[in-house]
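Below, chain A is the first sequence line, B the second, and so on; all start at residue 1. Just so it is clear, the structure is predicted and the values come from calculations on it, not from any experiment. What you see below is based on every heavy atom in this structure, not just the backbone, and it leaves out hydrogens, waters and symmetry mates.
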Number of protein chains: 2
Amino acid sequence: MLSLHQLRCFLTTYEHRSITAAAEELGYAQPSVSEQIRGLEKTLGVTLFRRVGRGVVPTTVADSLRPHAEATIAAAEDARRAVASVAALETGTIRFGMFGTARLYAGAGLVADVLARHPGVRVELIGQNSTDVQEDLRRGRLEAAMIAVPTVSSEGMQVTPVARDELVYISADPERLQSPVTAQRLAEASLVMPETTWRADDSTRTVLRQMLHETGRNPQTRIEVEDVETAVELVGMGLADSVIPHGAAVQLIPRLAPEAGWVSLRPKQFDTLAIVHRAGATLSPAARLMIELATARIQAIAEPVRPR
Amino acid sequence: MLSLHQLRCFLTTYEHRSITAAAEELGYAQPSVSEQIRGLEKTLGVTLFRRVGRGVVPTTVADSLRPHAEATIAAAEDARRAVASVAALETGTIRFGMFGTARLYAGAGLVADVLARHPGVRVELIGQNSTDVQEDLRRGRLEAAMIAVPTVSSEGMQVTPVARDELVYISADPERLQSPVTAQRLAEASLVMPETTWRADDSTRTVLRQMLHETGRNPQTRIEVEDVETAVELVGMGLADSVIPHGAAVQLIPRLAPEAGWVSLRPKQFDTLAIVHRAGATLSPAARLMIELATARIQAIAEPVRPR
DNA sequence: TACTGCTCTAGGCTGGGCCTATGCTTTCCC
DNA sequence: GGGAAAGCATAGGCCCAGCCTAGAGCAGTA
């Protein structure tokens with residue numbers, strides 16, 4: 001079986017025209033190098049050196065092998081360097097999960113932070129939807145993610161809350177913003193809600209479901225759309241009201257629905273923004289970096305939660 | 001220590017997303033491949049796969065390593081193929097020693113024979129002078145050679161005679177060609193001899209020295225030149241006579257000295273054309289090929305010697 | 001001829017590499 | 001929801017590769 005070690009011994013011997021010298025350079029005893037070369041000759045089925053009195057003389061086969069041996073060693077060295085470079089976060093790809101309001105608040109800034117520190121890396125911010133992120137985490141495709149979760153508990157997952165984000169009622173009708181919205185009023189409201197496709201898993205909806213369930217009512221939505229932006233625009237047009245995270249309201253209402261405003265629910269409801277990864281996993285330096293930067297970004301916007 | 005085996009296991013596992021599948025393809029038990037990958041991760045200091053429930057998932061580091069691992073394996077495979085190709089005489093260099101009349105008789109034809117059979121090879125016909133060829137053989141730079149030797153015996157060398165070549169007296173004076181030339185007449189002749197620089201080792205001169213020594217005379221040369229062609233030309237101009245191998249006379253006199261002719265010595269003297277290589281050496285296929293072809297060429301021209 | 005320098009051989013030790021058996025976890029399916 | 005299946009890790013044992021030291025053999029050299 002051909003091995004890099006054999007090729008290394010071969011090259012050093014070829015250059016020195018001497019097994020003893022090669023052994024010295026490689027830090028081995030002479031018979032060890034001798035054995036490697038004998039093994040190489042055996043696996044290749046050729047004679048590489050003529051043993052002649054003092055020293056050894058390469059055959060023409062050795063001449064032919066040499067450049068290929070060098071190329072192979074160099075390729076192996078390249079591989080090692082490439083990995084080292086990736087490990088040092090100089091090159092390679094950093095993949096991180098981020099979904100929903102977390103990405104809305106911190107996505108671009110987080111990428112900017114990473115690129116500022118590590119200009120050579122590629123960054124992948126994964127998260128078409130909440131279910132996919134959870135699935136990717138579970139399947140190991142994602143090492144860690146920051147997502148909004150309704151409750152801090154998940155099968156085999158370690159969930160570390162970093163901030164909480166109040167859910168607010170938004171409306172273009174100032175009347176409805178005069179006082180905090182109770183479950184009863186919420187149940188009677190005409191709502192537009194985003195994340196249609198993933199409604200079963202959406203964090204905000206889960207929170208609302210719980211809130212209404214406690215008062216014996218079912219959630220009602222008049223309009224279903226995919227993204228928060230569309231929902232906010234519809235609210236701005238006065239076609240419905242909605243419930244979205246406070247941070248989203250702050251960012252989107254001035255831009256998309258200047259006429260609208262927001263008010264708390266009663267009792268106040270919160271999404272929890274948390275770092276999630278597989279329980280018991282040892283996180284890579286890249287993942288730890290992303291967690292650190294993402295947490296800083298999020299806590300600058302949403303209300304920090306200090307885990308004890 | 002990085003090894004090709006580790007890289008092979010890594011690649012197969014990467015492709016299958018499964019250690020078990022990789023082990024099956026590679027023909028090992030699952031724990032063996034597992035151990036190789038663990039070893040690779042240890043030497044590189046990184047995590048290549050996340051172990052997750054059913055199967056394993058490559059990390060981004062593994063993504064980065066993959067092309068380099070493939071390149072390294074490919075380079076090693078190239079090396080193996082290159083050597084195989086050389087061993088099959090499809091490519092590479094065939095080096096053979098050939099000096100003096102042997103090259104004069106058979107050099108070009110031998111190269112043609114080799115290239116006809118093995119169009120891809122390079123051929124090196126080494127032999128600036130007799131001493132160098134012997135030295136190259138002794139030092140191992142040459143594996144085998146065909147040269148003219150005065151006697152069939154040499155220190156640590158295996159000498160296999162393949163043909164003998166009569167030494168003839170050549171002259172432009174028909175008078176001197178009427179009868180075989182004795183040692184006495186030779187001692188009195190005005191001679192031009194080639195191979196000045198290597199006169200001590202030249203085969204023809206050694207034979208003549210012995211012949212004259214037995215009659216108590218010393219060899220006399222009037223003119224010393226480097227190559228046989230010049231000597232023959234000088235003979236053609238009637239400036240001196242010479243003693244050269246019969247085959248050389250046949251080839252050169254019609255071309256370079258049409259007025260000259262030749263006659264035997266008395267007693268007849270011979271150069272022995274022999275294959276020479278280090279005693280006890282195992283000859284490579286290339287060397288055996290050259291010996292076979294060179295012998296055939298030489299025996300078509302000079303008088304074959306069948307060794308018992 | 002004795003000495004030096006280099007390779008090979010011999011013999012012994014250690015660890016890597018491979019195996020089987022088994023345990024643990026996840027996944028699949030009834 | 002519970003048992004079967006699948007897949008990785010661990011444990012333990014065997015064997016040879018790889019390394020060493022010591023010494024023989026041989027070529028080149030003073």
Legend entry - A/T59 side chain to A/L48 backbone, donor-acceptor under 3.5 Å: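 It does hold such a pair.
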
Legend entry - Under 3.5 Å donor-acceptor, B/T272 side chain and B/P161 backbone: no

Legend entry - Residue pairs fulfilling side-chain hydrogen bond (donor to acceptor under 3.5 Å, both in side chains) with at least one residue in residues 39-49 of chain B, sequence neighbours excluded: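 Sorted pair list: B/E41-B/R51.
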
Legend entry - side-chain hydrogen bond (donor to acceptor under 3.5 Å, both in side chains): pairs with one or both residues in residues 24-33 of chain A, sequence neighbours excluded: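 Listed by first then second residue: A/H16-A/E25.
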
Side-chain donor-acceptor contacts of residues 71-82 of chain B below 3.5 Å, not counting sequence neighbours, with atom names and distances?
| unit_1 | atom_1 | unit_2 | atom_2 | d |
| --- | --- | --- | --- | --- |
| B/T72 | OG1 | A/A75 | O | 3.3 |
| B/T72 | OG1 | A/A76 | N | 3.4 |
| B/T72 | OG1 | B/H68 | O | 2.8 |
| B/D78 | OD1 | B/R81 | NH2 | 2.7 |

In whole Å, what is the span from the [atom1] atom of [X] to the [atom2] atom of [N]?
X     : N      : atom1 : atom2 : result
A/Q30 : D/dA22 : CD    : P     : 14 Å
B/I19 : D/dT10 : CD1   : P     : 11 Å
A/Q6  : D/dA17 : CD    : C1'   : 11 Å
A/Y28 : D/dT21 : OH    : P     : 14 Å
A/M1  : D/dG18 : CE    : C1'   : 16 Å

Legend entry - Below 4.0 Å: OP1/OP2 of D/dA6 and any side-chain N or O of B/T20: no

Legend entry - Any residue of residues 32-51 of chain A with a heavy atom less than 4.0 Å from an atom of DNA chain C: A/S34, A/R38, A/R51

Inset, instruction - Using chain A heavy atoms and a threshold of under 4.0 Å, write down where along DNA chain C the contacts begin and end, 5' to 3'. - result: C/dT4 to C/dT27

Not counting sequence neighbours, which residues clear salt bridge (charged side-chain N to carboxylate O under 4.0 Å, His left out) with [X]? List them please.
X     : value
A/R17 : none
B/E70 : B/R66
B/R38 : none

Inset, instruction - Please list, chain by chain and in numerical order, all residues satisfying side chain to side chain donor-acceptor pair (under 3.5 Å) with B/Q36, sequence neighbours excluded. - result: none

Inset, instruction - Please identify each residue that fulfils side chain to side chain donor-acceptor pair (under 3.5 Å) with B/R95, with sequence neighbours left out. - result: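 B/R95 satisfies side chain to side chain donor-acceptor pair (under 3.5 Å) with B/E124 once adjacent residues are dropped.
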
Output one line per pair: protein atom, nucleotide atom from nucleotides 27-30 of chain D, and distance, for all N/O pairs under 3.5 Å.
| unit_1 | atom_1 | unit_2 | atom_2 | d |
| --- | --- | --- | --- | --- |
| D/dG28 | OP1 | B/R138 | NH1 | 3.3 |
| D/dG28 | OP2 | B/R138 | NH1 | 3.3 |

Legend entry - side-chain contact (heavy atoms from CB on, under 4.5 Å), paired with B/F49, selected from B/I19, B/V61, B/I37: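 Among the candidates, only B/I37 passes.
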
Interface polar pairs with nucleotides 11-16 of chain D, N/O, under 3.5 angstrom:
none

Inset, instruction - Compare all side-chain heavy atoms of B/V86 with those of A/V46 and state whether any distance is below 4.5 angstrom. - result: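 No, their side chains stay 4.5 Å or more apart.
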
Legend entry - Test item: A/P31 and A/E35 side chains (from C-beta on) under 4.5 Å apart, heavy atoms: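 No; the side chains remain at least 4.5 Å from each other.
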
